[in-house]
Amino acid sequence: MLDIKKIREHPDAVRKGIADKQLNIDIDAIRILDDERRNLSKETDDMKHRRNTVSKAISAKKRNRENADPEIRDMQELSTKIKENDARLASIQEDLSTRLLAVPNCPAPEVPVGKNEQDNVEVSSWGKIPEFAFKIKDHLDIAENLGMLDMKRGAKIAGSGFPLYTGWGARLERALINFMLDLHITEHGYTEIFPPFLVHSDSATGTGQLPKLAEDMYYLREDDLWLIPTAEVPVTNMHREEILSAKDLPLKYVAFSGCFRREAGSYGKDTRGLQRLHQFNKVEMVQFTHPDDSCRCWEALTGHAEQVLRKLELPYRILELCTGDLSFAAARCRDIELWAPGSGKWLEVSSCSNFEDFQARRAGIRFKDDKGVRYAHTINGSGVATPRLMIALIENYQQEDGSLAVPAALRNYLGTDRIEA
RNA sequence: GGAGAGGUGGCAGAGCGGCUGAAUGCAACGGUUUGCUAAAUCGUCGUAGUGCGUAAAGCGCUACCGGGGGUUCGAAUCCCCCCCUCUCCGCCA
């Protein structure tokens, strides 16, 4: 959520930010409602002031056994008016909140202006794109041949998009998760969190999934709960409506979770194998930082995600997202993409975002230092999501005989240096 | 799922219609004292909205005692609904 004061005082900057994000939101309606709210609120507060004052006088008269009937009659009338005003105020407030929740975060000034993903800017790359002396296969063929993955049975159990890992596939999945968690905990200073996979609406609103992305989440009507699309949601909400101490910042959390996405509207896109799933596993990093520190922490966090890929010796590139490709809540974002030779594509495995105070304002996450109480900044990024990591791993490490080499960093976790049929 | 107890400021814990935005204690912060530490002592010490002020400081008003309604001139305090925590019983991984 944006600061209403920012909309009030710098409407042009906000308009430009929204337009750069290729969105269309009516800022003027918000400003009119805001004015209306303030005027009515002032008027009502003055009435309440009178009521409080007179009520005290009534109290004094009663104590002295004097008659206070005229005052009481006045106040009965006034209270009725106050009630009417409060009702109007509540409806204005609700309208305003609804509109305010629909306003996206503004892009940071450093973000390149662009229309869509075509305008994203590559900022760095690492590793060598491998060349093969034999005819390579894609991850699905390799994994199914090695008995690691059974998409057909996954579909039998839960429908398409729900992968069923088997044998070495299941073990590899588990090994990757442990490897990534351990790396972030021991080398990058994160505290491990194991969060709930279901959250209520307040939490989903706090991080910005609701109301805009309701159709992308699985919802349990009976219990009014949402399956999390990412651990970002429960972990960021850990400190909802809290005032943190400045000396504890940055708070760095890393969490494994299942992630559940309906992927509404993307049917028929990237359907082969593990590219796009309704359920997948992810290790997510979340930080709560001081506003002056968030940019530096965001860069560091991106580096932590990179480290996973370097240790696994997988070639990747990093893109700075342009304004048009930036998500609703993000001020800045860098995507990390792995090279998948079998599919001949770059695959996004991590999105590292700085939300600045956007989520914090929605979720009431603040901190206190000697300058007072302010909103913290939140940043997060995958470190990383497993399905596409698995794709890249399988496709980059495939051998001519159909077996799979295991990168050195993973051998202790997996207990083998080779996966064969 | 059933029965009971309870949710008050960073924490502990009073208050149970008006003099309570909230006693008291602890913690925290600032000063004094001290060779240092400890102790002592004085002071400060919630959040939000809004108005005045160029603004910082400051001052005023309003709201907030789990959430939402209601009663009343007036509600932390009375009534209703909901949520959460704890204890016991039942069921179950």
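Letters go in sequence order (proteins before strands), and every chain restarts at 1. Only this structure's heavy atoms are used, side chains among them; waters, hydrogens and symmetry mates stay out.
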Touch class at under 4.0 angstrom, heavy-atom based, for A:D74 against every strand present
nothing

By nearest-heavy-atom nucleotide on RNA chain B, the more 5' of A:I243 and A:K83 is A:I243

* To do: Could you tell me whether A:R37 contacts a base, only the sugar-phosphate backbone, or nothing, with contacts defined as non-hydrogen atoms closer than 4.0 Å?
  => sugar-phosphate

Between A:R50 and A:M75, the residue closer to the 5' end of RNA chain B by nearest nucleotide is A:R50

query = Looking for any heavy atom pair under 4.0 Å, which part of the strands does A:Q76 touch: base, sugar-phosphate only, or nothing?
reply = sugar-phosphate

Ranking B:G18, B:A48, B:C73 by distance to the side chain of A:R63, first place goes to B:G18

| With sugar-phosphate meaning primed atoms plus P, OP1 and OP2, does A:K368 contact a base, only sugar-phosphate, or nothing at under 4.0 Å between heavy atoms? | sugar-phosphate

Exercise. If you measure from the Lys or Arg side-chain nitrogens to the Asp or Glu carboxylate oxygens, is any gap between A:D369 and A:R374 under 4.0 Å?
Worked result: yes

Would you classify A:S41 as touching base, sugar-phosphate or nothing, given that sugar-phosphate means primed atoms plus P, OP1 and OP2, and contacts are heavy atoms under 4.0 Å?
-> nothing

*Which part of the nucleic acid, if any, lies within reach of A:K42 when heavy atoms closer than 4.0 Å are counted: base, sugar-phosphate only, or nothing?*
sugar-phosphate

Checklist entry - Taking the same atom, C1', in B:G17 and in B:G13, what whole-Å distance lies between them? => result 22 Å

Closest to the side chain of A:S59, out of B:U47, B:G18, B:G74, is B:G18

What I want to find out is whether A:D138 reaches A:K345 closely enough, with some N-O distance under 4.0 Å, to be called a salt bridge. no

Is a salt bridge present between A:D86 and A:K48, judged by a nitrogen-to-oxygen distance below 4.0 Å?
-> yes

Base, sugar-phosphate, or nothing: which does A:R361 touch, judged by heavy atoms less than 4.0 Å apart? nothing

Between A:E36 and A:R31, does any side-chain N to carboxylate O distance fall below 4.0 Å? no

If pairing means Watson-Crick or G-U wobble with both distances under 3.5 Å, then the partner of B:G58 is B:C52

Next item on the list: Look at A:D20 together with A:K16 and state whether they make a salt bridge at an N to O cut-off of under 4.0 Å.
Entry: yes

Can you see if the side chain of A:N39 gets near the phosphate of B:U50 - specifically, an N or O under 4.0 Å from OP1 or OP2?
no

Under 4.0 Å: is that the gap between some side-chain N or O of A:S79 and OP1 or OP2 of B:G74?
yes

Requested in this report: Would you indicate what A:R366 reaches in the nucleic acid, counting non-hydrogen atoms under 4.0 angstrom: base, sugar-phosphate, or nothing?
Outcome: sugar-phosphate

